[in-house]
Structures are given as structure tokens and as C-alpha cells.
Amino acid sequence: MTGVSVDRWRRRWTHAAPLCAGAWLLASCTVPGSTGSAGTLLAAGTVPASATAAPAAPAVTVRPAPAAPAPAPGGTGARASLRGKVVVIDPGHNGDNFRHASVINRKVAIGNGTKACDTTGTETDAGYSEAAFTFDVSTRLAALLRAQGATVVLTRPDDHGIGPCITERAAIGNRARADAAISIHGDGAPARGYGFHVIVPHGIGSNDAIVTPSRALGVDVRDAFRTGAPEPLSTYTGTRTGALVARDDLGGLNLSAVPKVFIECGNMRNAADAGRMTSAAWRQRAAAALAAGLTRYLTS
Ligand code: ZN
């Protein structure tokens, strides 16, 4: 998500693509706390997690062998510990959104108002886009969960498309009857702030049933990410609530019928966070941490 770098995108891409000269709208990517109605902060427990990064398997070309079961992220047990579980992973934004402002800016209904179908997302100073980051972490996470036996659905198949709209991203989780859904983002907050936070649904009536389980999911994901990525808790939002922030202005949460959270994995506008998020090794640890948090939620 981002609230502050859209102008950056507009400047950058106006030169490259005339289609982008139109006004960019913010939908799901406002900086939490920067908008008056963006929800409330939740008190949160501080249960330490024992997330550990699963060692990456070396690339080998030998014939299939009876491999030892891979250690499950979080040390929760056997390889198939997630068999029967369905997880929907939503990589925020999409790589070609910036070329199609008229498509992603169209308004969609999010249960308590309207918002843009999708947004461009932010980027680091060096130009590493949020869309590329979220897709990379999502594919790493999907592989880890599938290795544990989970059925995993991604809301977009690559980083070269447009959208889907936030309404469809929620609908994919609902149609899959997901046991858990997670939307992965990087934030575009003012550069001095750093750290990650987890966004959980603030009930709007129609989604009240997912508020409690989503909060439990959020706590597990937060605890695992803090120690597993590792990444500090946000210094700029949710600072008194353990980096858990409840919002009612996100279509992805308002329209979800399954337990769902968003995670802002770091602030891409901050140099230290950008350095971590640009590192493939950190992204692998981040994915392992997310897998650990999801596994803890799904198996407890
Ligand atoms: Zn985002």
C-alpha cells in the first residue's frame, strides 16, 4: 500500500506512458492512521512465537529420492500438517496497473462505500515496485504452504497483469472457502517510519463473523513475522497496539467471508526497510515467517 508515493508513480510513468497522465486514486493503500475514518487500533497480546526460517533446499538434479520430510515453518510438525487446509494469498497490486489508470481507478462497492478497483502500489527509491515485492513473497509463501500439504490459491498468476479489483480479490477467498486469507503489501509511509504492521477487519456488519478469527490470525502472523523475518514492529502506526490495526476502509477485508488479514511487510519508503525488502534472502525468511504464522493459526 501507499499513500505518499502515488505522485512519484505519476511523475515517473507519465513520462513513460501517456495513459498514466490521469489522476491516480488511492484505494486500499492509504497510510493507516492518516485518514480520519480508517478504523481503530486494537489492543493486542504479545505472545512470542518461535518462528524459524526453513532452510532453503539446495538445487539438485539427482533422480527422485525418498526425501526426508521438510521441517515445517514454525516447527509445528510433519510435512503434511496443512493437508485439507485452503489458503488464499493475495499479492497486492499488479505490475501493469500503472499502465491502465482508467481500469484500476474505476469505483467499486466495498460494503460501506466505494473505492478504486485497485492501485499502483509504492516502490523503493531504487524503483523496486511493491507489486513485484508482493508477488515474490507470495510465491515463496505459496511454495512453503504447499510443501506442508495446503491447497493454495493466489489472486493473480503473475506480475504482468492488471488488477484484479479488490472486490474480486475478496471473492476469490470466499469462493475457495479459504481457512485463512492474507493480502501481502509493502507500505508507502513517510520515510522516517519503519517496521511492519498487520491490518485486521473492523466489522461493518456484513463481515462481523470474521472479526474474531481474523484477529487471531493477525496475532499469529504478527508474532511469527516479528521474530522470523525478522522485522521490527511499526514505528508509525499501531504503536500502542502491538502493530495490529483494525480498519473498515479496505474492500479486501470488508467483503471477506473468511478469516483474513493484510500485512504491510515494511515501509518501502524507508531506507532500512527498503534494504531488507530488496533482499531475496530476507524475502525468503519473510515468507517462512508468514508460513509459520499461518500454520500456527491453522493448526491451533
Ligand atoms: Zn499495497
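Remember, it's 1-based here, ligands and their atoms both numbered in the order they're listed. Worth saying up front: this structure is predicted, and the values here are computed from it rather than measured. One-based numbering along the sequence shown.
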Open item on the list: Looking at Asp118 and Arg169, is there a salt bridge between them, counting it only when a charged N and a carboxylate O are closer than 4.0 Å?
Closed with: yes

TODO: Check all N, O or S atoms of Glu130 and name the one closest to the Zn ion (ligand 1).
DONE: OE2

- [ ] Output yes when a side-chain donor or acceptor of Asn207 lies under 3.5 Å from a complementary backbone atom of Leu255, and no otherwise.
- [x] no

Open item on the list: Can you tell me which N/O/S atom of His185 has the shortest distance to the Zn ion (ligand 1)?
Closed with: ND1

Task: Ionic contact status for Asp125 with Arg269, cut-off 4.0 Å - done: yes

- [ ] Look at the N, O or S atoms of Asp187, main chain and side chain alike, and state whether any lies under 2.8 Å from the Zn ion (ligand 1).
- [x] no

Open item on the list: Between Asn112 and Asn254, is there a side-chain donor-acceptor contact under 3.5 Å, judged purely by atom types and distance?
Closed with: yes

